[in-house]
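Comments concern the structure below.
Note on naming: letters A, B, ... go to the chains in the order of the sequence lines (proteins, then strands), and numbering restarts at 1 for each one.
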Amino acid sequence: MPEYKAPLRDIKFVMDEVLDMPGHYASLSAYADVATPDMIDAIIGEGAKFCENVIAPLNRTGDIEGCTRHEDGSVTTPTGFKEAYKQFVEGGWPSMAHDEEVGGQGLPESLGTVMSEMVGTANWSWGMYPGLSHGAMNTISSWGTQEQKDTYLTKLVSGEWTGTMCLTEPHCGSDLGILKTKAEPNADGSYAISGTKIFISAGEHDMADNIVHIVLARLPGAPEGTKGISLFIVPKFNVAEDGSVADRNAVVCGSIEHKMGIHGNSTCVMNFDGAKGFLIGPENKGLNCMFTFMNTARIGTALQGVTSCEGSFQGALAYAKDRLAMRSLTGPKAPEKPADPIIVHPDVRKMLLTQKAFAEAGRALVYMTALQNDIVHKGDSEEDRKAADELLGLLTPIAKAFLTEAGVEATNLGVQVFGGHGFIAEWGMEQLVRDAKISTIYEGTTGIQALDLLGRKVLMTQGQSLKNFTKMIHKFCQAEEGNEELAPFVSQLVELNKEWGDLTMKVGMSAMKNRDEVGSASVDYLMYSGYVTLAYLWAKMAKAAQDALAAGTTEEDFYKAKLTTARFYFTRILPRTKSHAATMLAGADTLMDLDEEHFAF
Amino acid sequence: MPEYKAPLRDMRFLLNDVFDAPKLWAEMPRLAEAVDPETADAILEEAGKIAGNVLAPLNREADEQGSKWSDGEVTSPDGFKEAYQTYADGGWGGLGGNPEFGGMGMPKMLVGQVEEMVQGSNMSFGLAPMLTAGAALALNAHGSQELKDKYLPNMYSGQWAGAMDLTEPHAGTDLGIIRTKAEPQADGSYAVSGTKIFITWGEHDMAENIIHLVLAKLPDAPAGPKGISLFLVPKFLVNEDGSLGERNQFSCGSIEHKMGIKASATCVMNYDGAKGWLVGEVNKGLNAMFTMMNYERVAVGIQGIGAAENSYQNAVLYANDRIQSRAPTGPVAKDKAADPIIVHPDVRRMLLTMRALTEGGRAFSTYASKWLDIAKFSDNEDDVKHAEAMVALLTPVVKSFLTDTALESAVAGQQIFGGHGFIREWGQEQHVRDIRITQIYEGTNGIQSLDLIGRKIAANGGAFFKIYVEEINQFIAAQEGKDNMVEFITPLKAAVANLVDLTEWVMEKAQSNPNEIGASSVEYLQVFGYTSMAYMFALSAIPALEKADAEPFYANKLATARFFTKRLLPRYISLSEAVKGGADCLYELEAEQF
């Protein structure tokens, strides 16, 4: 089992030296006084200890044990999960990045993202229990009445209760417009919710006193399709006047799924049988309400891509230094041993560097996205908030889909570095592949994210939201003109930045003639966008490293490694843009010509 | 519950329309005796039935159940024992075996198709006959007459199974450092002692005896790969009259908990002075293994496409059945709440990627099998030499490229199912877990790529490579004038020119820095693979164009070939550029600086 060590130096590098998060916090009046550098250091240091010592050791055992559903619908989580959660709540972690008026500590959400990264790498399945509360909290804080906030939000913020999002039904996932769960009005103003929801992560468990479900359902007579969906709060236990937990509501877990991975998390079929629920937000506007924080939620899943890369990299690196096989092609490196450690072999290095390059730039991308989210919520001017929202909208599908695909690639490389042992459960590397695979599926599949990026975010704004970002890249390149060491990076980036715009134009033009062209190009377009975005971030990281070296440092190796990894990324990974550029323009005919009856006989 | 239908139509297309196997067989006397088109057809038909009706239905449940170890004994999942019996009774175990010892002497071109069906319907099960066939192959090539007489007939009949024991806890890729010992005994046998791991079906309850081929070192053997010998070590000793005697001194210490192929027992085997007999010459054990390895490695590539085909079939069913959102160009299934997801371009992209990689892979493995057959059955020395060169060159590509593309296919097959793809009941995630091992065993894909560029290309100054390129160039020259082939020939020509250029680049760079080989090898192999697939689709396009109106199959083949050419072939551009990025960027970091 790979041992988890929080990559604090790398985290601080991105926070302080690449993205200037201290400056960012100081510039927001909501955070200027609370999110001081000392405070941040202390929090991250404590968080790292909790992740390394408390939840990382439960990752492998959680996978083996899985969750158990009992006759009465209750679910037991793997050994140690409940106790770890208790410690998490006692440590005040759930409330960290929430407003003080609902019991939070008023720290920035982006700081919560940093903590979530460490939690997620240490034990993704465990992290999903507190993680899923975010959707419920976002819903209630955006759309809830004061009473709903008082009743539910404070308990969710404190972590005493957890939350879920109940969207998917057996017949609908990507297409929520056809969902069937019903909400009938009761005389007392509440609603009776009936229907079946599936794939409800953390839908039932034994870690908290109550579970607050946010359920998508239809009112009687609601319009068909996406415009007839409303949101409801449905607690597992009804809540008494005084806020205490009362009788059991009519919602039970009918079964839990047998899955490829994330075994430690309970993925539930939830049966609502006239369960008491409360409307939240306007009638029939449920999906719109959800969209307001969809980006925020997806940052959390994008993070899973980073954690997959980081966790697998840590495991593979330790093994590559330890495992002996064959001699280096340039002569023995460990002559005293029967063979050299496999890290001497070029292909092993290539696999490790690929993982490392994705993990580090992926972290920078998620943190950068999280900063935009801070500004959307706490920005001091409307202008700032709007600009941040636009950038957040553009970066979110890229971060979510690209980084989770990278996570799948990186975890598979981790298995490959281990050879046959990678396939064996005890080593923990194959679990990372199994856990990572869900990230390209849930919270909108890669295909759905790609349509969101190309269709909604880029083409629907006539390319404006992309232009805002490419302008940022352009400015960076301009500023580094004449910087000789960075020239190989900057010159490539300038070209790609221009090509990105050109490709967008071409795809846009062909999409006007044939609407299938969007879906035909979308995934290649998204992957292309991801590689360019990571190139920008690697160039930025190289710049930060160059500055630090120029200023003089005792950490030369650390900064030189950043420059080396940047070179690796630009030389060996970035060429992938070429084939994505070619295939996104291949045309929809290549996909639509084959009759659907003829795919198989 | 997933189903499996053997892709017989495509197999027949390859054998008859593309590679004209019947003609080839008729030309080689030893094959002409064994097989004709009718026999081949009947074999495919029957194999399809076994795969679809007997093996496929066991696949899902066996994954849940797994093999069980208790006190040295291994119980295979429900139904495996009976299926194994059915398989043996059908004579399938001897399909490619030497007729002198009861085998049927069938060509690999045909055996490979049968393997695809067996592996594609149930990979865990398929490993048992695959390992038996591999052991029989090595024994047939290197064993003494006595050993062959004693063991081969029962291995071909399926009464006994086989296993290959190479890996040890500290030595997998690097077999030169193995520690298992073989002490010569007075009676000419050897006492074998040591621990072997990752022994597929090393112990089970499906056959009455298991014949292990074990790599071990004699007491005075030189260090490294040149001090390894091969031994035959049966689970039960065999009496003079052929009946089973006492249990030999070795046992299965445990079985692994794995990501996939859970139904197959992956065994730790402990040898404690077990009685064994030398196979082949002393200290030539690795060489003896290499004979078998070309076949085994092609078989592993075939495993990949088999399972990917299975995943594809399920994905097509699901994509036609699952309704979700409307087509971008307007509703297609107006009577339903939404359109079947096969209307969406990106779903089609995933399906066609699977389809093209699988069909292209099937063509490529069949093509490689053709060379295996010529090398084995031709009486013309020049042809044999030529074929041996092609086998050597293509084998690592078949193994590696087809398993890499198989994983990509299976992941796409899972993605098409959305959340349901992650749920075990649907069967799609199992293919991903099962296929994942094919990139690792029989030499990891990294090792295969070193074999390709190092041993098969650089070591002979590109001689084998030139033979292959010449063949493709001749094909291009012959087709270039044909209007309807332009769309395939032009991209193929560019891809081949790129491959030649890249090969020269790597060979030149490697002269000054040996690390350039390993730095480029994996991507290089993929460029080789995509280029080869382009050749396969161009070959397939000829009969498909001729018969395009005869049956939708041919028009579909062309659509798939076009998809491949426009949407997958361009990958070589990125891969080649990455290769030319060179080795330096891999070596600037010290090990401690990672």
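Residue contact with chain A, scored on non-hydrogen atoms closer than 4.5 Å, is absent for B:P225. Only the side chain of B:N320 comes within less than 4.5 Å of a heavy atom in chain A; its backbone stays farther off. Within the 4.5 angstrom heavy-atom criterion, atoms from both the backbone and the side chain of A:T446 approach chain B. If you measure heavy-atom distances from A:K321 to chain B, the contacts under 4.5 Å come from the side chain alone. Using a 4.5 Å cut-off between heavy atoms, B:S520 touches chain A through its backbone atoms (N, CA, C, O) alone. For a residue to count as touching a neighbouring chain, one of its non-hydrogen atoms must lie under 4.5 Å from one of that chain's; by this rule B:I197 touches chain A with the side chain only. Using a 4.5 Å cut-off between heavy atoms, A:R323 contacts chain B through its side chain alone, with no backbone atom that close. Only the backbone of B:A171 has a heavy atom closer than 4.5 Å to any heavy atom of chain A. Heavy-atom distances place no part of B:L558 under 4.5 Å from chain A, backbone and side chain included. Contacts of B:Q313 with chain A are absent, with no heavy-atom separation under 4.5 Å from either backbone or side chain. Contact of B:V411 with chain A is made through backbone and side chain together, with heavy-atom distances under 4.5 Å. Using a 4.5 Å cut-off between heavy atoms, B:H257 touches chain A through backbone and side chain atoms alike. Only the side chain of B:N513 comes within less than 4.5 Å of a heavy atom in chain A; its backbone stays farther off. For chain B, no part of A:F558 is nearby; none of its heavy atoms comes within less than 4.5 Å. Heavy-atom distances place the side chain of A:L317, and not its backbone, under 4.5 Å from chain B. Only the side chain of B:R355 comes within contact range of chain A, with at least one heavy atom under 4.5 Å from a heavy atom of that chain. The parts of B:I437 that come within reach of chain A are both its backbone and its side chain, each placing non-hydrogen atoms under 4.5 angstrom from that chain. Proximity to chain A (any heavy atom under 4.5 Å) is shown, for B:R9, by neither the backbone nor the side chain. For chain A, no part of B:K580 is nearby; none of its heavy atoms comes within less than 4.5 Å.
At most 12 heavy atoms of other shown residues, nucleotides or ligands fall within 6.0 angstrom of atom NZ in B:K566. Within 6.0 Å of the CD atom in A:E224, the count of heavy atoms belonging to other residues, nucleotides or ligands does not exceed 12. Heavy-atom neighbours of B:K5 NZ from other residues, nucleotides or ligands within 6.0 Å: at or below the threshold of 12. Counting heavy-atom neighbours within 6.0 Å of A:R515 CZ, excluding the residue itself, gives a total of 12 or less. Within a 6.0 Å sphere centred on NZ of A:K333, other residues, nucleotides and ligands contribute more than 12 heavy atoms. Within a 6.0 Å sphere centred on CZ of B:R179, other residues, nucleotides and ligands contribute 12 heavy atoms or fewer.
Contact count against chain A (heavy-atom pairs under 4.5 Å) is highest for B:S325 among B:S325, B:G581, B:P570. Interface summary for chain B: among A:I438, A:V344, A:L451, the most heavy-atom pairs under 4.5 angstrom belong to A:I438. Counting heavy-atom pairs under 4.5 Å between each of A:I424, A:L329, A:L176 and chain B puts A:I424 at the top. If you tally non-hydrogen atom pairs under 4.5 Å between each of B:R562, B:E256, B:E64 and chain A, the highest count goes to B:E256. Counting heavy-atom pairs closer than 4.5 Å to chain B, the top-ranked of the candidates A:D595, A:I198, A:D516 is A:D516. Between chain A and the residues B:Q415, B:R349, B:R571, the largest count of heavy-atom pairs under 4.5 Å involves B:Q415. Note: A:T440 leads A:T445, A:V433, A:T440 in heavy-atom pairs under 4.5 Å with chain B. Between chain B and the residues A:I178, A:V518, A:I441, A:I342, the largest count of heavy-atom pairs under 4.5 Å involves A:I441. The most heavy-atom pairs under 4.5 Å with chain A, out of B:K258, B:E592, B:M259, come from B:M259. The candidate with the highest count of non-hydrogen atom pairs below 4.5 Å against chain A, out of B:G419, B:A583, B:G446, B:A337, is B:G419. The candidate with the highest count of non-hydrogen atom pairs below 4.5 Å against chain B, out of A:V408, A:D593, A:I343, is A:I343. The residue among B:A559, B:A315, B:G418, B:G172 with the most heavy atom pairs within less than 4.5 Å of chain A is B:G418.
For the atom pair OG (A:S520) and CG (A:L591), the distance works out to 4.5 Å, reported to the nearest 0.5 Å.
For residues 411-425 of chain A, the side-chain hydrogen bond (donor to acceptor under 3.5 Å, both in side chains) pairs, not counting sequence neighbours, are A:N412-B:R436, A:Q416-B:R436, A:H421-A:W427. Sorted by first and then second residue, the ring pair (Phe, Tyr, Trp, His ring centres under 6.0 Å) pairs involving residues 570-594 of chain B (not counting sequence neighbours) form an empty list.
In this structure, A:R567 and A:R572 have side chains that are not in contact, with every pair of non-hydrogen atoms separated by 4.5 Å or more. Side chains of A:F568 and B:L589 form no contact here, defined as non-hydrogen atoms less than 4.5 Å apart. Inter-residue side-chain proximity for A:I448 and B:D346 is flagged as unmet; no heavy-atom pair is nearer than 4.5 Å. Between A:Y442 and B:F422, every side-chain heavy-atom pair lies at or beyond the 4.5 Å cut-off. With contacts defined as side-chain heavy-atom distances shorter than 4.5 Å, the pair B:I423/A:F199 qualifies.
Checked by atom type and distance alone, the side chain of B:Q430 never pairs as donor or acceptor with a backbone atom of B:G427 at under 3.5 Å. Checked by atom type and distance alone, the side chain of B:Q428 never pairs as donor or acceptor with a backbone atom of B:A410 at under 3.5 Å.
The shortest non-hydrogen separation linking B:L568 to B:A356 is CD1-CB, 3.9 Å.
One finds no salt bridge joining B:E429 and A:K437 here, because no Lys/Arg side-chain nitrogen approaches an Asp/Glu carboxylate oxygen to under 4.0 Å.
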